[in-house]
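In what follows, a single structure is set out as structure tokens and then discussed.
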Amino acid sequence: MDFSLSSEQKMIQDSVSRFVLNDYDFDTRRKILGSTTGYSQENWNVFAELGWLMLPFSEEDGGLSGSMVDLALVMEEFGKGMVVEPFIATTVMAGGLVALAGNQQQKDDYLPKIMAGELQMAFAYAESQSRYNLNNVKCSANKIDGEFVITGQKSVVLNGNHADTLIVAARTSGDTNDTHGISLFLVDAKHASVTRQGYANVDGHQAADISFDNTPTLGLLGELDIALPAINNIIDRATLAICAEAVGAMQIAHERTLEYAKTRKQFGRTIGSFQALQHRMVNMFIEHQQAKSILLMAALKMDSNNGSDAKALSAAKSRIGKAASLVGRESIQIHGGIGMTDEIDVGHIFKRLTTIQFLFGSTDVHTRRFASL
Amino acid sequence: MDFSLSSEQKMIQDSVSRFVLNDYDFDTRRKILGSTTGYSQENWNVFAELGWLMLPFSEEDGGLSGSMVDLALVMEEFGKGMVVEPFIATTVMAGGLVALAGNQQQKDDYLPKIMAGELQMAFAYAESQSRYNLNNVKCSANKIDGEFVITGQKSVVLNGNHADTLIVAARTSGDTNDTHGISLFLVDAKHASVTRQGYANVDGHQAADISFDNTPTLGLLGELDIALPAINNIIDRATLAICAEAVGAMQIAHERTLEYAKTRKQFGRTIGSFQALQHRMVNMFIEHQQAKSILLMAALKMDSNNGSDAKALSAAKSRIGKAASLVGRESIQIHGGIGMTDEIDVGHIFKRLTTIQFLFGSTDVHTRRFASL
Amino acid sequence: MNSNFTAEEKDFQQEVQQFLQEKLPKETARKTKSALHLSKEECVEWQKILHKQGWAATNWPLEHGGTGWTQTQKYIFANECAKAGGPDVIPFGLKMVAPIIYTFGNEEQKQRFLPDILASNVWWCQGYSETGAGSDLAGVRTTAVKDGDEYVVNGTKTWTTLGQHADWIFCLVRTGPPSAKNQEAISFLLINMHDPKIKVSPIITIDGRHEVNEVHFDEVRVPANNLIGTEGQGWTYAKVLLTHERTGIARVAISKDRLVQLKELVATSPNGEDKLMDDVIFAQKIANVEIDLLALEYTELRTLSAISTGQAPGPESSILKIVGTQIIQAIDELYVEAAGYYSMPFVPYQFYDDYDGAQIGPDMATNSSLRYFNNRKTSIYGGSNEIQTNIISKAVLGL
Amino acid sequence: MNSNFTAEEKDFQQEVQQFLQEKLPKETARKTKSALHLSKEECVEWQKILHKQGWAATNWPLEHGGTGWTQTQKYIFANECAKAGGPDVIPFGLKMVAPIIYTFGNEEQKQRFLPDILASNVWWCQGYSETGAGSDLAGVRTTAVKDGDEYVVNGTKTWTTLGQHADWIFCLVRTGPPSAKNQEAISFLLINMHDPKIKVSPIITIDGRHEVNEVHFDEVRVPANNLIGTEGQGWTYAKVLLTHERTGIARVAISKDRLVQLKELVATSPNGEDKLMDDVIFAQKIANVEIDLLALEYTELRTLSAISTGQAPGPESSILKIVGTQIIQAIDELYVEAAGYYSMPFVPYQFYDDYDGAQIGPDMATNSSLRYFNNRKTSIYGGSNEIQTNIISKAVLGL
């Protein structure tokens, strides 16, 4: 067992940390959120230049062969700045699916562009009735004149409104809940038969509801009917990424709360001198530390197991969801009214910590999955 | 709506309260626990003289027609002294079953003796495999030469070791889990075919494991095969009784903890001056108050509904179980080491608050029953 | 002891139901049930309907135009309103300043202010909190210096809910010298918000909403006869009202109705191949909150029963604030969890009348997180839950 | 960064497994797994077996006869012991007083005491707490007054675990005048328990057990060369050891094994027509504890990793105490819940060898509540969890 970071890991951690500290302060982020796209192409170019967009891809595919621990390191730093650029949607999820399931041609077509920051993608999987059941797919792909066309609806597709190309999970055989019969398709997001209703999420991330009406595809990704394992795998990796983000966000939430408690005075003394609040801030600290630990556990176990360990991942999502809930709520409560205002960061951290709890499966859903494995 | 006590209610509350205060202090109780029977026949005679043993029985049966609110008032006071006399086993459960299901002859045979304090009874229902499922009954009654004989095993029968007469739930038809096919029988506890292994429970109450081997009965109580509703009803009433007991016990646990916190010094000040502990003691107070409220709710609703309201009762057992867990644990923790010793009462209250959580259905079992009704 | 309604009480219940069915505007009810914001006009419209019925002032004494209801009647009214979607009255006039005026104000003030409050002709807001005086209200710094027949007011109040609509504000101001003890330096002053030297600036909260404000006073001259009672007694007046305020703050009736709605919602919400209600864990979480709320309802009824027998609501009433807001927030969280992915989109505009796009998410799903965010305030305002805990610790437990 | 064992570490794991299989007495293993009390003889027997193997002192430096193990080896050993039912060594000699002796004692003391501790020839107990000095250890009142070559000791220590078996006790005593500051008045003294002027009186705990004691000193004369280090430095010595103690106190390996056993248990426990494991709510509760324990395991590994790179265990290690004991108690509670009705009978005698009645309850069910009661101590002893929280607040958060 070895828990120390390699020099490469330290380097990338430092690099992301510096970016967040110097180029992603709260006001800068606010401006990005207020822009028409809701994220910064300039930053995206920086990510590409610094090689971060290459991280999860194998060396054969032109990437850095980053481990899950590496991904977690980057995302933890992103979490400290609440970075809204679509790293998870384009790089981890869509790029990850192309690398995992695509043929050589598809890899050649998409991965270099993703790594160069020239292509935005999104993965459309959830539907209004599916909730967190990845095998619940109604959106269907049928062959017309020998070519698949897609008809159906997808919900809250992260980066769905800005993606150039979509990956769509569609049913090619079987019933709505069958695990067999789900396939992945590449789709031109700008095709006339694709209707996108874009919006920002409460956490500032961009998303869209998307519907398809006999939409032609750009090709099948992976083998017909048996896409579910790849989908599970990629959602698990994305889940690890937001877990790491939450750990970074919790650290800042806790730090901000400590700073506030040390300066804010009521009844003639700093509120941090009240023992009841002290014990609650210790509890926040413990939650953050426990979250950090289980993140490490999951990342290491996934790395030991070829990037996939559903049980370990679900343990992490469950525990981190619980920590995120407590740390978020306590940050607001200890700040009092000021914590609820739009003008300081702690409320925004709280919102991101909230959405993370309900993204890719709620805390309870992952606890149950852990217990069932 | 009227939440005030009638003068009769105040009178019986005062009378039980005085008894607990004057005649049931911690040392007296300790001596009773150390006696051969584990309860005091002398106290039992007092209960009879003061009419407490008549409380739950109707006026036609020679009782006081006490309501569930009345029962709760008495049990709350009993809880303050952790009274171990078998009021629930003999009066509420066994007596209640005779009154509910018995014919006139059986009522005449048993109820006057119970009310006079001359007869000890017990209700044997749980079995080692049944857990909290009252319809799970293996112990069987079969007819031999036209007479029922009972064979099987019963677990942790309250007052089972001192009872003169037992009421036994036995299967007379159907499979182990069928709701139909359960009957009640009166059985002579001292019959040679009855094997009783008696013990004290951790809370000081007496109990026994009992097995029957072709044991003849003293008669069928109620109608054949359809005893389950009566069993449910009587267990619900007994559950309300222990809920009320817990509310009384919590009050004392909280008071003792407050007294201790106001006098015990560490670091040169009373531990009650530490805000973190203050907030926790407030939390104990809130739990006790919420428990008291939901007890009242359940008792009133049962009274409005002819003594039976499973949903209200399960709400009370669930909420009070949660309160009992927190108040018990915090009482010990705030006392520190001294709270864990046999020599002061708070540890004994903690033990009783623990068993109440797992008697007649755990907290979670009752939450689920509430949700299902 | 019994929990049944008398025949009279049952009649009253029917009367309330009928009134709500006939008089409550449908759009107001829909918005209230869905926690959408009511416009100033909608709020005033409803309060004027209540006034016409004689039901605007449920907590005032009869002599000033109150209902004179028993505690049971108030309980019935609150529950029926919650079920029907009748919104709470805006409390600042009817529930907060009015009792102070009729208890501590002089005759002239009663004549001048109470009729317009009762008829909802004026909109009041509250000027208690300041940046440096949140939980520690006694630390207010806004000054009111006597100058002839007037006070000259300088300072800034914050967290002024719906102050953007207000005609009047009631303020705690410092009339004594900075050296004076807080208890003796604070006075209770009524100020006309239409004074041009008052500036209201919005505070946007994390749910994207403009609900609270900062109110700036720059040499605002206020007639001295707007002072309530005696100079230096303002803190005493404010405190008297606080325990009364805590009972309503539990919002039991509304939480009950929200749980009923939630159970209806999950009975039909798809969860892959099942319905969400089939999720045993989720059902257990709902049940736990429901049970805690049942207990709170009886805690409130016990408190009200004590009041109706002449006892004042003691510091125990802080329980109602603490547990009531815990339950509100727990229900919010359950709604967010039920909404799943659709708790995320920030699309409040889709609930406006002029929205003509496609609906995003089922029913009110996207409103769930906004409500969750907004209701974090409930454990902060009205004396934070920590302050309530301190009150119980000191006043009830003697610690 | 990786969590895999090296080939050497895997070999070591096999060696430990083999050792436990061959040398651990079966009855000792059975009792340990079931949380039954070991006799003094059984404890000593096992420790002597460990000593023979060279594994008695896992935390001592090599030079004094310790194992010199890496943190990973210690981790492996702890986990294998927990799985096999190898009991923890009684800590007072090997883990508590020995490090103080080899760190702060003089050569003569090292020679005199360490070999017997290593070989488990003597039984030690701890004399820290007093009735007036629980969480506030610096408040000890037991006095040791110098009289020639001896100290005369008077006072009473309490919560002395297994003091009834002890040959020696290590004590915090007050050597300075009552007026002296605590930090400068407390010394660390070793005292022979066979002195007739020492009286040990049992304290019975709520699980009916005699585990702790009061130890009374009445004019007990102790050779001055039993003083460790310098007079007035005892408090410093004691504190140095406290952070080290906090890592082992998490008892992660034992909790892991208990959860494995619990899951086996509920897989076969009847629950009416089902098995208890089919109860989704109960399974979820087990999973939650299991997950929290996984997190704690990695919190401990992160701490140990920091130690192995030369950093001292910081005050963060208080987390291990707090969460470790929360988990122990949560597991206890799950066992009680699993036992249901059979958590109630108080029948500890049925586990004694001489019991010949029928078994009451399945397996160890009736032991569940006794363990639950007994383990309330874990959040109280070794610096209560409140004290640990204060340590983090002050030393880590700077509050």
Side-chain angles (χ1 to χ4, degrees), chain A residues 1-6 9 67 69-70 72-73 254-255 257-258 261-262 270-275 277-287 289-301 303-304 311-312 314-320 322-323 363-364 366-372, chain D residues 1-6 9 70-73 75-76 263 277 280-309 315-323 326-327 385-386 388-399:
Chain A
M1 287 192 293
D2 172 18
F3 286 70
S4 55
L5 295 181
S6 69
Q9 287 173 324
S67 64
V69 170
D70 297 334
L73 287 174
H254 184 235
E255 282 175 9
T257 306
L258 275 181
K262 286 176 185 175
T270 62
I271 63 171
S273 70
F274 289 100
Q275 197 195 29
L277 293 189
Q278 289 175 352
H279 279 212
R280 283 162 61 174
M281 286 186 274
V282 169
N283 203 21
M284 290 169 71
F285 172 73
I286 291 175
E287 288 295 297
Q289 289 298 315
Q290 285 283 82
K292 203 174 163 81
S293 295
I294 207 155
L295 170 69
L296 180 65
M297 182 283 298
L300 285 169
K301 291 210 172 157
D303 281 336
S304 299
K311 190 173 175 94
S314 279
K317 181 66 164 65
S318 166
R319 187 64 187 81
I320 288 169
K322 213 174 290 174
T363 301
D364 282 344
H366 277 283
T367 311
R368 193 157 359 162
R369 185 172 178 234
F370 169 86
S372 74
Chain D
M1 206 184 246
N2 76 78
S3 60
N4 300 328
F5 291 149
T6 63
E9 287 163 347
T70 64
Q71 295 297 348
T72 305
Q73 285 177 300
Y75 169 83
I76 290 169
K263 287 195 288 182
M277 75 180 303
V280 177
I281 307 280
F282 196 64
Q284 190 90 341
K285 292 208 297 199
I286 294 178
N288 274 319
V289 178
E290 208 181 341
I291 288 170
D292 209 29
L293 181 60
L294 262 175
L296 183 66
E297 180 173 15
Y298 275 74
T299 299
E300 186 173 59
L301 287 171
R302 289 201 290 130
T303 308
L304 296 177
S305 162
I307 296 174
S308 71
T309 61
E316 296 89 349
S317 60
S318 289
I319 293 181
L320 303 175
K321 165 69 172 23
I322 296 170
V323 181
Q326 285 169 344
I327 288 174
N385 285 15
E386 288 76 19
Q388 306 297 337
T389 306
N390 288 341
I391 289 172
I392 297 177
S393 173
K394 195 172 165 187
V396 185
L397 308 190
L399 289 169

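Naming: A, B, ... by sequence-line order, numbering from 1 per chain. Note that the structure is predicted; figures quoted are calculated from it, not measured.
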note = Note: vs chain A, highest number of non-hydrogen pairs under 4.5 angstrom among D:Asp292, D:Val280, D:Leu296 is D:Asp292
key: Which atoms of D:Ile322 approach chain A - backbone, side chain, both or neither, heavy atom under 4.5 Å   = side chain
remark   = In terms of heavy-atom pairs under 4.5 Å with chain D, the winner among A:Leu296, A:Asn283, A:Val69 is A:Leu296
query = Nearest 0.5 Å, what's the OG-CD distance between A:Ser318 and D:Glu290?
reply = 11.0 Å
task = Flag the one option from A:Gln278, A:Gln9, A:Gln289, A:Met297 with the top tally of heavy-atom pairs under 4.5 Å to chain D.
result = A:Met297
request  = Identify which part of A:Glu255 has an atom lying under 4.5 Å from any heavy atom of chain D, answering side chain, backbone, both or neither.
outcome  = neither
request  = Quick one: pull up CZ in A:Phe370 and CD1 in D:Ile286 and give me the separation to the nearest 0.5 Å.
outcome  = 11.0 Å
Under 4.5 Å from any heavy atom of chain D - which part of A:Asp364 = both
inquiry  = Among A:Lys262, A:Lys301, A:Gln275, which residue has the highest count of heavy-atom pairs closer than 4.5 Å to chain D?
reply    = A:Lys262
note = So, the part of A:Ser273 with a heavy atom under 4.5 Å from chain D: the answer is neither
inquiry  = Please check if the number of heavy atoms outside D:Lys394 that lie under 6.0 Å from its NZ is greater than 12.
reply    = no
query = Which distance, rounded to the nearest 0.5 Å, do you find between the CD of D:Gln388 and the CD1 of A:Ile286?
reply = 9.5 Å
ask   = So which part of D:Ser305 gets closer than 4.5 Å to some heavy atom of chain A, the side chain, the backbone, both or neither?
value = side chain
Pair A:Lys322-D:Ile291, side chain to side chain contact (heavy atoms under 4.5 Å, CB included): steps then yes or no = CA-CA 11 Å; A:Lys322 213 174 290 174; D:Ile291 288 170; over 6 Å; no
key: Exercise: identify the closest heavy-atom pair between D:Asn4 and A:Ser304   = OD1-OG, 3.2 Å
key: Side chain to side chain, D:Leu294 and A:Arg319, heavy atoms closer than 4.5 Å   = no
task = State, with a plain yes or no, whether a side-chain heavy atom of D:Ser318 is found less than 4.5 Å away from one of A:Val282.
result = no
inquiry  = Minimum heavy-atom separation for A:Ser293 and D:Ala295, please, with both atom names.
reply    = CB-O, 3.2 Å
task = Check each atom of A:Phe3 against the heavy atoms of chain D and say whether the ones under 4.5 Å are side chain, backbone, both or neither.
result = both
request  = Measure distances from D:Glu297 to the heavy atoms of chain A and classify the residue's part below 4.5 Å as side chain, backbone, both or neither.
outcome  = neither
query = Going through the distances and angles, do A:Ile294 and D:Tyr298 end up as a side chain to side chain contact (heavy atoms under 4.5 Å, CB included)?
reply = CA-CA 7 Å; A:Ile294 207 155; D:Tyr298 275 74; over 6 Å; no
query = Would you say D:Ser393 and A:His279 make side-chain contact, with heavy atoms under 4.5 Å?
reply = no
